[in-house]
A.B. asks: 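One structure follows; several queries about it will come next.
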Amino acid sequence: MLVETNKSLKNFNTFGIDCKAHYYVSVASTSQLMAMLSDNKYKARFILGGGSNMLLTKDINALVIHLNLKGIKVLSETEDHVHIEAMAGENWHEFVLYCIEKGYGGLENLSLIPGNTGTTPIQNIGAYGVELKDTFESCKAVEIESRTEVQFSKQACQFGYRTSVFKNDLKDKYVITSVVFNLTKTNHKKSTSYGAIQEQLSEQNIKEPTLKNISDAVIAIRKSKLPDPKKIGNSGSFFKNPVIDLERFHDFQLEFPNAPFYKVSQTEFKIPAGWLIEKAGFKGLRFGDAGVHKNQALVLVNYGKANGNEILELAMKIQKKVRKIFGIFLEPEVNII
Ligand code: EPU
């Protein structure tokens, strides 16, 4: 394995931030990963997946281990279900398309989400009414300290809205090497109730959508709202949608009766951060090369040469103004490094 020094990470993070790795190595198998984890020459390590959920604000003074483990394998199947395993370095969208082509259902609503398969459980990716946890069966992960590989069940992952045990108690302790999904071969549980999906399908007069129809609808919606990271650097939603309790929600609604919201439970309400940011006046604004996307205010963008701190400054400006106007704190969804 070739360990490079002072390697630019610009092409390995979807924000396109030009920070450097002091040391960099790409690993293609679990044994290569374990070898690099045990190499005592390096004091600090940083695990890099698809780079789609992070904002680099400084060079990384560590050995960056880039996970490029590839492979897709059916582990078992019945007439109705299939257990399929994807290695961590598989591109997520390509894996979703592969499953759709094979007729395996469950991942179609998660089409076109940037990043690699190995990182999807960490923040329990979700879109258009579906979350990763709905089809997640288990994952394999290497414990960094002991270099042993263990399996995590769905329960052990403690999934929540954009979170899991890997973002909390076990943060930076494990490297996920592969993920197993339980997908349907018949009687697919299609999730088409999300407004924008229904609009797309009815525009095309589709009454009984196939998995591909749903995936195409999701791709069209995402393309219309979200910038393509290959063209404009971004990390998808920069903040989580805030959840507020009933008491605060009452006050909020009295003051802002037209605000959209989703009821999470009897006592919890989610307010779309994109709406708050738009109302705070940031939608489409640009400060140098750092900006707020014109079609979806929840997405911060790098028009070319912004550095991580410029994006972070913009994020903090947004947090401050949203807190001042609405009294609501916006928690970043992206990992700030
Ligand atoms: N809205 C605005 N202005 C904006 C953006 C949104 O008023 O600039 C309002 C919309 O009108 C709508 C509501 O906010 O009423 C919700 O907007 P949208 O359907 O675009 O979804 P979201 O809540 O902003 C979440 C996810 C997205 C996911 C979509 C669709 C989070 C943090 N984000 O966004 O995930 O694609 O739902 O399910 O939960 C991502 O995580 O990177 C991501 C893109």
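Basis for what follows: all heavy atoms, side chains included, without hydrogens, waters or symmetry-related copies. No experiment lies behind these values; they were computed from the predicted model shown.
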A.B. asks: Give, for atom CE of Met1 and atom CG of Asp39, the distance between the pair rounded to the nearest 0.5 Å.
C.D. replies: 8.5 Å
A.B. asks: Does one side chain, of Gln158 or Ser164, offer a donor that lies under 3.5 Å from an acceptor on the other?
C.D. replies: no
A.B. asks: Are Leu300 and Val322 linked, directly or through intermediate hydrophobic residues, by side-chain heavy-atom contacts shorter than 4.5 Å (ILVMFWY only)?
C.D. replies: yes
A.B. asks: Would you say the side chain of Phe181 lies within less than 4.5 Å of the side chain of Leu75, judging by non-hydrogen atoms?
C.D. replies: no
A.B. asks: Under 4.5 Å between side-chain heavy atoms, hopping through other hydrophobics if needed: is there a path connecting Val142 to Val150?
C.D. replies: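 No; tracing contacts between hydrophobic side chains, which count when under 4.5 Å, never links both residues.
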A.B. asks: If you round to the nearest 0.5 Å, how far is OG of Ser237 from CD1 of Ile125?
C.D. replies: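 Reported to 0.5 Å precision, the distance equals 12.0 Å.
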A.B. asks: Donor-acceptor check, side chain of His22 to backbone of Asn61, threshold 3.5 angstrom: yes or no?
C.D. replies: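 Judged by distance alone, no pair lies under 3.5 Å.
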A.B. asks: Please check: side-chain N/O of Asn182 versus main-chain N/O of His83, any donor-acceptor pairing under 3.5 Å?
C.D. replies: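 Side chain of Asn182 to backbone of His83: no pair is present.
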A.B. asks: With rounding to the nearest 0.5 Å, note down the distance linking CZ in Phe287 to CD in Glu310.
C.D. replies: 12.0 Å
A.B. asks: Checking side-chain contact (heavy atoms from CB on, under 4.5 Å) for the pair Val180/Ile84: CA distance, chi angles, key distance, verdict?
C.D. replies: CA-CA 5 Å; Val180 179; Ile84 186 165; over 6 Å; no
A.B. asks: Could you check whether Glu77 pairs with Lys185 (Lys NZ or Arg NE/NH1/NH2 to Asp/Glu carboxylate O, under 4.0 Å)?
C.D. replies: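 Result for this pair is yes, salt bridge flagged.
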A.B. asks: Can you check whether Leu298's main-chain N or O pairs, donor with acceptor, with Gln296's side chain at less than 3.5 Å?
C.D. replies: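 Present.
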A.B. asks: Salt bridge check, Glu149 against Lys140: does any charged N sit closer than 4.0 Å to a carboxylate O?
C.D. replies: no
A.B. asks: Keeping Ser224 on the side-chain end and Ile221 on the backbone end, is there a donor-acceptor pair under 3.5 Å?
C.D. replies: yes
A.B. asks: Hey, any chance Phe249 and Tyr161 share a hydrophobic cluster, counting ILVMFWY side chains that come within less than 4.5 Å of each other, even indirectly?
C.D. replies: no
A.B. asks: Going by side-chain contact (heavy atoms from CB on, under 4.5 Å), Ser52 matches just one of Asn13, Ile113, Thr14. Which one?
C.D. replies: Thr14
A.B. asks: Using distance alone, with no hydrogens and no angle criterion, decide if Asn187 and Lys189 have a side-chain donor and acceptor under 3.5 Å apart.
C.D. replies: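 On atom types as modelled, these side chains do not qualify, holding no pair under 3.5 Å.
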A.B. asks: Under the 3.5 angstrom rule, does the side chain of Glu268 hit a backbone N or O of Val264 as a donor-acceptor pair?
C.D. replies: no
A.B. asks: Does the Asn109 side chain pair with the main chain of Tyr128, one donor and one acceptor, at a distance under 3.5 Å?
C.D. replies: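 Such a contact is found between Asn109 side chain and Tyr128 backbone.
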A.B. asks: Under the rule for salt bridge (charged side-chain N to carboxylate O under 4.0 Å, His left out), what residues qualify as partners of Arg147, not counting sequence neighbours?
C.D. replies: none
A.B. asks: Is it the case that the side chains of Asp18 and Ser8 hold a donor-acceptor pair, with the cut-off being a distance below 3.5 Å and no angle test?
C.D. replies: yes
A.B. asks: In terms of ring plane angle, is the pair Phe261 and Phe269 parallel, tilted or perpendicular, where the classes change at 30° and 60°?
C.D. replies: perpendicular
A.B. asks: Kindly assign one of parallel, tilted or perpendicular to the pair Phe252 and Phe256, based on the angle between their ring planes and the thresholds 30° and 60°.
C.D. replies: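 The arrangement is tilted - the two ring planes meet at 30° to 60°.
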A.B. asks: Checking Asn53 against Thr119: is there a side-chain donor and acceptor pair closer than 3.5 Å?
C.D. replies: no
A.B. asks: Does the side chain of Tyr24 come within less than 4.5 Å of Thr5's, by heavy atoms?
C.D. replies: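 Result no, sub-4.5 Å side-chain heavy-atom pair not found.
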A.B. asks: If you look at every heavy atom in Asn234 and Asp228, which pair is closest and at what distance?
C.D. replies: ND2-C, 4.1 Å
A.B. asks: Given side chains that start at C-beta, do those of Ile72 and Tyr98 come closer than 4.5 Å, heavy atoms only?
C.D. replies: yes
A.B. asks: Find out whether Asn335 and Leu55 are in side-chain contact, i.e. whether some heavy atom of one side chain is under 4.5 Å from a heavy atom of the other.
C.D. replies: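 No, their side chains stay 4.5 Å or more apart.
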A.B. asks: Which pair of non-hydrogen atoms, one from Gly160 and one from Asn124, has the smallest distance, and what is that distance?
C.D. replies: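 Closest pair (atom of Gly160, atom of Asn124, distance): O-ND2, 2.9 Å.
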A.B. asks: Any luck finding a side-chain donor-acceptor pair between Thr186 and Asp80 under 3.5 Å?
C.D. replies: yes
A.B. asks: Identify whether the distance between the nearest side-chain nitrogen and carboxylate oxygen of Glu333 and Lys240 falls below 4.0 Å.
C.D. replies: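 Salt bridge between Glu333 and Lys240, a charged N being under 4.0 Å from a carboxylate O: no.
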A.B. asks: Establish whether Met54 and Ile47 are linked, either directly or via other cluster members, by ILVMFWY side-chain heavy-atom contacts under 4.5 Å.
C.D. replies: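 No, no single cluster joins them.
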A.B. asks: How close do Asp289 and Ala306 get, counting heavy atoms only, and between which atoms?
C.D. replies: CB-N, 3.4 Å
A.B. asks: When the ring centroid of Tyr23 is compared with that of Tyr42, is the distance short of 6.0 Å?
C.D. replies: yes
A.B. asks: Looking at every heavy atom in both Asn205 and Lys207, which two are closest together, and how far apart are they?
C.D. replies: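 Nearest pair, atom of Asn205 first, then Lys207: OD1-NZ, 3.2 Å.
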A.B. asks: Any side-chain heavy atom of Leu183 within less than 4.5 Å of one from Leu107?
C.D. replies: yes
A.B. asks: Tell me whether the count of non-hydrogen atoms from other residues, nucleotides or ligands lying under 6.0 Å of NZ in Lys167 goes above 12.
C.D. replies: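 Enclosed: over 12 neighbouring heavy atoms sit under 6.0 Å from NZ of Lys167.
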A.B. asks: Enter the distance from Ser235:OG to Ile311:CD1 here, rounded to the nearest 0.5 Å.
C.D. replies: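 Nearest 0.5 Å value for the OG-CD1 distance: 9.0 Å.
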A.B. asks: Using atom types as modelled, flag every donor-acceptor pair under 3.5 Å from a side chain in residues 270-281 to any protein atom, sequence neighbours excluded.
C.D. replies:
{"unit_1": "Glu278", "atom_1": "OE1", "unit_2": "Lys283", "atom_2": "NZ", "d": "3.1"}

A.B. asks: May I ask you to check if Lys321 and Phe282 form a cation-pi contact, with NZ or CZ under 6.0 angstrom from the six-membered ring centre and within 45° of the axis?
C.D. replies: yes
A.B. asks: What I'd like to find out is whether the side chain of Ile318 reaches to under 4.5 Å of the side chain of Phe239, using heavy atoms alone.
C.D. replies: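 Ile318 reaches Phe239 side chain to side chain.
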A.B. asks: If you look at every heavy atom in Lys10 and Gly304, which pair is closest and at what distance?
C.D. replies: NZ-O, 4.2 Å
A.B. asks: Count I, L, V, M, F, W, Y as connected when their side-chain heavy atoms are under 4.5 Å apart, and connections chain through other members. Are Ile325 and Val292 then in the same cluster?
C.D. replies: yes
A.B. asks: Counting only heavy atoms not in Lys70 (residues, nucleotides, ligands), do more than 12 fall under 6.0 Å from its NZ?
C.D. replies: yes
A.B. asks: Tell me if the centroids of the rings in Phe152 and Phe166 come within less than 6.0 Å of each other.
C.D. replies: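 Ring centroids of Phe152 and Phe166 are less than 6.0 Å from each other.
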A.B. asks: Could you check if a side-chain atom of Pro332 sits within less than 4.5 angstrom of a side-chain atom of Gln319, using non-hydrogen atoms only?
C.D. replies: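 Yes, side chains in contact.
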A.B. asks: If we ignore hydrogens and angles and just use 3.5 Å, is the side chain of Arg45 paired with the main-chain N or O of Leu37 as donor and acceptor?
C.D. replies: yes
A.B. asks: Does any non-hydrogen side-chain atom of Lys173 lie less than 4.5 Å from one of Glu145?
C.D. replies: no
A.B. asks: Considering non-hydrogen atoms only, spot the tightest contact between Gly118 and Val179 and give its length.
C.D. replies: CA-CG2, 4.3 Å
A.B. asks: Would you please say whether a donor-acceptor pair under 3.5 Å links the side chains of Thr267 and Asp245?
C.D. replies: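 Side-chain D/A pair, Thr267 to Asp245: absent.
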A.B. asks: Verify whether one side chain among Thr210 and Asn213 offers a donor that lies under 3.5 Å from an acceptor in the other.
C.D. replies: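 The answer is yes; a qualifying pair exists.
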A.B. asks: Only one of Leu48, Val25, Val3 forms a side-chain contact (heavy atoms from CB on, under 4.5 Å) with Val64, so which one is it?
C.D. replies: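 Result for side-chain contact (heavy atoms from CB on, under 4.5 Å) with Val64: Leu48.
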